[in-house]
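Here's the structure, in structure tokens; my notes come after.
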Protein chains: 2
Amino acid sequence: MTTRARPYHHGNLRAALLDAAERSIEELGTEQLSLRELARVVGVSHGAPRSHFPDRQALLDALAERGFSRLDATMRGAAETAGAPFEERLRATAAAYVAFAVASPALLDLMYAGKPSGDAPGSRNAAADVMSLVRGLIADGIASGVLAEREPERYAFLLFSWVRGIAALVTGGIVGRDAADELIADSVATFVRGSAPRLPAG
Amino acid sequence: MTTRARPYHHGNLRAALLDAAERSIEELGTEQLSLRELARVVGVSHGAPRSHFPDRQALLDALAERGFSRLDATMRGAAETAGAPFEERLRATAAAYVAFAVASPALLDLMYAGKPSGDAPGSRNAAADVMSLVRGLIADGIASGVLAEREPERYAFLLFSWVRGIAALVTGGIVGRDAADELIADSVATFVRGSAPRLPAG
DNA sequence: ACCTGAACACCGTTCAAGT
DNA sequence: ACCTGAACACCGTTCAAGT
């Protein structure tokens, strides 16, 4: 049996499409993503993607899903730097988020594009993922006395919004890649200083 | 001379297209914006927009341009609340930005979409607009002794990134419209507390 | 100067048919 | 179960022609 000129594809069309799609959105932007072009690149007919993704949006959702795993992994790795002091763990986690945003800006946008209140059963949202991680850090900060006793959720929203903003500035080219580290350090330092418990006696 | 059934349009096709376009991007998203649909809504042939905008992008650029004026006006109004203390002016200015983001999220995205280093002669960027305004506030904060002496640019980037992040959280539905005010107040208070000059003597 | 309408090359999506 | 290829209804853009 000879190998056909165009076999019934190379075994994993789904993954091939996702890989090609991720390259495409980062290079040309998500709006420019074309299913037909993707099919051409991967070497199948324009109807083939339909077997794996009911429509264009489904492919984008699957792309975001892969992003969740990756973002979660890098941030969790940074947050769990064993033994490091609170402020440094905070900085490392923030830096991991920003690094992801720089490496995959279009993908991150996609991850946020989903409705915040997960409608679909399998649908996640980047916000929920990041928030749960930040909550853990905050709890440590309060427990170790670095942060004043306060609703942890308020701290979490503060940090999350700040880091998201920093990522937006870097992604948008308003601050350079190196200035980002400074901005992160400044933000975390200001946060810790501004959230320190009031001196009990002097 | 009788009025024609379909006159050579109502005098200002350009403005009509922009108004219809702004409604459309906020309701359906910028990706969904269709020039042909716009022409239909406004009552002209599909080729007519060409007379005012060479292509789709040119219309989006013009839309962003209108956004700059409006954002600038509201923020400037808030920043110049005469006589108010620094922290309150800061809070009011941040609130004005977030309010704009809530009212016109798609438009704000468009304003950031432009290249940061203005390529085209008339091209502006939301970042430049906001930054110049924040710089003024910071100068006042340092002059009045509320902020420690430090590179003003660093303060400006901090504030700008934080406020942008807050706007992103509100726009994305992660925090509610009312929780936003709390988040703004918390951020500004933490900023002022964390950036206060070191007590000189005790 | 401004607008019309046909033409062109692209889309996403659907669906019967093939393997 | 997975893929092909024709068909359909949409796009943005171009351009000769009308007023």
Closest to the [X] side chain: [options]?
X        : options                  : result
Leu35(B) : dT13(D), dC3(D), dC3(C)  : dT13(D)
Arg56(A) : dC11(C), dC3(C), dG12(C) : dG12(C)
Ser45(A) : dC3(D), dC11(D), dT4(D)  : dT4(D)

Item to check | Under 3.5 Å donor-acceptor pair, Arg50(B) side-chain atoms to dT4(C) base atoms | outcome: no

Checklist entry - Side chain of His46(A), base of dA6(D): donor and acceptor closer than 3.5 Å? => result yes

Expressed as a whole number of angstroms, how long is the span from [X]:[atom1] to [N]:[atom2]?
X        : N       : atom1 : atom2 : answer
Leu17(A) : dC3(D)  : CG    : P     : 9 Å
Leu33(B) : dC10(D) : CG    : P     : 17 Å
Phe53(B) : dT14(D) : CZ    : C1'   : 18 Å
Arg14(B) : dC2(C)  : CZ    : P     : 11 Å
Leu28(B) : dC11(D) : CG    : P     : 12 Å
Glu31(A) : dG12(D) : CD    : P     : 13 Å
Asp55(B) : dT13(D) : CG    : P     : 5 Å
Asn12(B) : dA1(C)  : CG    : P     : 17 Å

Next on the checklist: For dC8(D), give the paired nucleotide (Watson-Crick: N1-N3 plus N6-O4 or O6-N4; G-U: N1-O2 and O6-N3; both under 3.5 Å), or none.
Outcome noted: dG12(C)

Next on the checklist: Counting only Watson-Crick pairs (N1-N3 plus N6-O4 or O6-N4) and G-U wobbles (N1-O2, O6-N3), all under 3.5 Å, who is the partner of dC3(C)?
Outcome noted: none

Checklist entry - Taking NZ, NE, NH1 and NH2 as the nitrogens, is one of them in Arg150(B) or Asp186(A) under 4.0 Å from a carboxylate oxygen of the other? => result yes

Checklist entry - Would you call Arg177(A) and Glu182(A) a salt bridge, taking side-chain N to carboxylate O under 4.0 Å as the test? => result no

Checklist outcome for this item: Comparing nearest nucleotides in DNA chain C, the 5'-proximal residue of the pair Ala48(B), Ser34(A) is Ala48(B)

Quick one: side chains of residues 135-149 of chain A, donor-acceptor pairs under 3.5 Å with protein atoms, not counting sequence neighbours, listed by atom name and distance.
residue	atom	partner	partner atom	Å
Arg135(A)	NH1	Glu153(A)	OE1	3.1
Arg135(A)	NH1	Glu153(A)	OE2	2.7
Asp140(A)	OD2	Arg89(A)	NH1	3.2
Asp140(A)	OD2	Arg89(A)	NH2	3.1
Ser144(A)	OG	Asp140(A)	O	3.0
Ser144(A)	OG	Gly141(A)	O	3.3

Checklist outcome for this item: Residue pair Arg36(A)/Gly47(B) against DNA chain D: nearer the 5' end by closest nucleotide is Arg36(A)

Checklist entry - Quick one: CG on Leu107(A) to OG1 on Thr30(A), what's the gap to the nearest 0.5 Å? => result 8.5 Å

Next on the checklist: Whether Arg40(A) contacts dC11(C) is assessed here as follows: a side-chain N or O lying under 4.0 Å from the phosphate OP1 or OP2. Is that the case?
Outcome noted: yes

Item to check | Partners meeting side chain to side chain contact (heavy atoms under 4.5 Å, CB included) with Ala39(A) (sequence neighbours left out) | outcome: Val44(A), Pro49(A)

